[in-house]
Amino acid sequence: MTDSTTAVDAASGSPSWLADARQRGSFRRAVRRWYARHRRDLPWRRHRSLYRVWVSEIMLQQTQAATVVPYYQRFLKSFPSVRRLALADEEQVLRAWEGLGYYRRARNLHQAAKQVVRDLQGRIPRTREQLQALPGIGRYTAAAILSFALDQPHAILEANTRRLYRRLLAASSEAGSDRSLWAFAETLLPRVRIADWNDALIDLGATLCSPRQPQCSRCPLTRWCGAFTSGDAESFGTAKPATETTPLEELAIIVESGGKVLLRERREGEWWSGLWDFPRIRLSDAESAADFDRLRSRFLQETGIEIDTAVSLPTLRHSVTRYHIRLQCLRAEADNRTDDRLRNGYRWIDREQLERLPLTATARKMAQWLSTGGVD
DNA sequence: TACGCGTGGGT
DNA sequence: TACCCAAGCGT
């Protein structure tokens, strides 16, 4: 190996070794040798079908593998086939997804399953174009499904491989555009054993080529790595400028009346649409949770229900994209329970139903307080 | 092209 | 504690 291995061809912007078939072969063997010894044992790699890989890939979008594992296993138990998924109610599907976030994924997956059963006799498409026509499946997911389930020759580009390729190319976030990274991935793609190849690159990116403190000393690819050669591998791992966050103050109230609690299904276009939530009020800068009379009147406006006193519960903190929400929680009794006064879609729900309904993450925590009779 | 979308793990 | 980040897609 010479010092010029990681040199970059000025015209194409790609490293000079990439044009050399022998070098590409050497690179591929290094990847495969590493994978043979270090592959992760993940449930969606055990017995692969189009359906199972599809479910796993949707769950894995923007979500770490370790987080997905228990959800994947439960989901397949509840919905073992595309037909069973298509027959399910959306509420059941969202309940199985609850806690994973990005609930649009679950609704798209459910819609797509219904489409496959209704229009395609239950046969999941086997081409990238047809897969990408289904909701929730983009270029990466289509390529992943076909390569993992059927070993079709499609390159992939996602968070792990994107970081790995940026480092290999010593590309800054501007130079390392998705267009050039996809092209790089396709040039590297071997002719056979594509599923293993794509898994290998993902595992390398996930376990060695991590965003911070990459394990270059254990990496089989340092000979070809521009970032390693530059001596500053870490700096290529993160790219995004931090977006400014906005703090929000909100109030949530558990209101009980005769064994029922007040809940509302979040509507289309709102955050957490399709999930159920306790009554929630956005507090302006001028409003304070300590001003109970004011809150009482805001609550009446929001729900149509009057409360007299309330007990404080813990304050929860959570984020939605660029908003950091401080959610103050209260518990109260309703003065009455006349359904005809309810507004904005609020409903009285049996406490036992809380187990069955899909709740937002904060609502689930509050429901736990309710069922255990206290706070952790 | 850039932003909205959720949550939990890691540091 | 308060960040950063994750097997992306849709608009």
Side-chain angles (χ1 to χ4, degrees), chain A residues 40 42-45 52-72 94 97-109 111-112 131-149 154-165 173-174 177-179 181-182 185 195 198-207 209-214 234 237-247 266 268-275 277 316-327 358-365:
Chain A
R40 289 182 294 174
L42 296 166
W44 46 88
R45 290 180 177 173
R52 298 167 70 94
V53 174
W54 178 15
V55 169
S56 73
E57 287 302 331
I58 302 300
M59 287 189 168
L60 285 161
Q61 288 171 5
Q62 297 290 279
T63 309
Q64 294 180 2
T67 304
V68 166
V69 170
Y71 284 91
Y72 173 79
L94 284 172
W97 206 272
E98 184 193 295
L100 257 189
Y102 288 126
Y103 299 97
R104 176 73 56 184
R105 296 181 296 176
R107 307 173 78 194
N108 280 339
L109 175 61
Q111 284 307 312
L131 273 176
Q132 280 188 241
L134 295 172
I137 301 182
R139 180 172 179 182
Y140 162 76
T141 303
I145 291 169
L146 295 174
S147 64
F148 291 138
H154 297 289
I156 55 165
L157 182 67
E158 40 65 71
N160 296 299
T161 46
R162 180 176 285 113
R163 190 171 55 246
L164 176 68
Y165 298 159
S173 59
E174 306 97 63
S177 66
D178 274 5
R179 175 190 281 276
L181 296 178
W182 273 108
N198 284 340
D199 273 332
L201 292 170
I202 285 177
D203 279 8
L204 257 168
T207 63
C209 203
S210 46
R212 277 163 295 187
Q213 300 179 9
E234 182 153 357
T238 56
K240 275 181 268 184
T243 55
E244 198 162 329
T245 61
T246 305
R266 313 268 322 186
E268 199 69 36
E270 290 185 304
W271 289 335
W272 311 290
S273 71
L275 275 67
D277 204 2
L316 299 173
R317 284 158 220 280
H318 67 121
S319 302
V320 184
T321 64
R322 55 179 245 269
Y323 299 97
H324 288 190
I325 303 168
R326 197 168 154 274
L327 183 66
L359 303 183
T360 65
T362 49
R364 182 57 67 194
K365 282 181 190 138

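Only this structure's heavy atoms are used, side chains among them; waters, hydrogens and symmetry mates stay out. Chain letters run A, B, ... following the sequence lines, proteins first and then strands; every chain starts at 1.
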With heavy atoms under 4.0 Å as the rule, sort Ser319(A) into base, sugar-phosphate or nothing.
base

Touch class at under 4.0 angstrom, heavy-atom based, for Leu100(A) against every strand present:
base

Please work out if Trp44(A) contacts a base, only the sugar-phosphate, or nothing of the nucleic acid, heavy-atom cut-off 4.0 Å.
base

Categorize Arg107(A) for me: base, sugar-phosphate, or nothing, with a 4.0 angstrom heavy-atom threshold over every strand shown.
nothing

Taken to the nearest whole Å, CH2/Trp54(A) to C1'/dC9(C) is 15 Å

Nearest-0.5 Å distance that lies between atom CG in Asn160(A) and atom CG in Leu201(A):
10.0 Å

May I have the distance from Leu109(A) (atom CG) to dC9(C) (atom C1'), rounded to whole angstrom?
13 Å

dT1(B) to dT11(C) separation - C1' atoms, rounded to the nearest Å:
11 Å

Checking contacts here: which listed nucleotide (dC5(B), dA7(C), dA6(C)) is nearest the side-chain heavy atoms of Asn160(A)?
dA7(C)

Would you indicate which nucleotide in dG9(B), dG8(C), dG10(C) comes nearest to any side-chain atom of Asn108(A)?
dG10(C)

Could you tell me whether Leu42(A) contacts a base, only the sugar-phosphate backbone, or nothing, with contacts defined as non-hydrogen atoms closer than 4.0 Å?
base

When the nearest nucleotide of DNA chain C is assigned to Arg162(A) and to His324(A) on a heavy-atom basis, which residue is associated with the more 5' position?
His324(A)

What is the nucleic acid contact for Ala144(A), judged by heavy atoms within less than 4.0 Å: base, sugar-phosphate only, or nothing?
nothing

Looking across every strand, which nucleic acid part, if any, lies under 4.0 Å from Thr141(A) by heavy atom: base, sugar-phosphate, or nothing?
sugar-phosphate

Before accepting this row, confirm whether a basic side-chain N of the pair Asp203(A)/Arg45(A) lies closer than 4.0 Å to the acidic partner's carboxylate O.
yes

To the nearest Å, give me how far apart OH (Tyr165(A)) and P (dA7(C)) are.
14 Å

Rounded distance (Å) that lies between atom P of dA2(C) and atom CD of Glu244(A):
17 Å

Tyr140(A)-Glu57(A) side chain donor-acceptor pair, cut-off 3.5 Å:
yes

What is the distance, to the nearest angstrom, from the CD atom on Glu268(A) to the P atom on dT11(C)?
11 Å

Which nucleotide in dG10(B), dG6(B), dA7(C) has an atom nearest any side-chain atom of Arg212(A)
dG10(B)

Taking atom C1' of dT7(B) as reference, at what distance in whole Å does atom CG of Leu316(A) sit?
13 Å

Kindly say whether, by distance alone, the side chain of Arg40(A) makes a donor-acceptor pair under 3.5 Å with the base of dA7(C)?
yes

So that I can tick it off, tell me whether Arg163(A) and Glu234(A) are bridged by a salt bridge, with the cut-off set at under 4.0 angstrom between side-chain N and carboxylate O.
no

Side chains of Ser273(A) and Glu270(A): is there a donor and an acceptor less than 3.5 Å apart?
no

For Thr67(A) and for Trp271(A), find the nucleotide of DNA chain B with the closest heavy atom, then tell me which residue's nucleotide is more 5'.
Trp271(A)

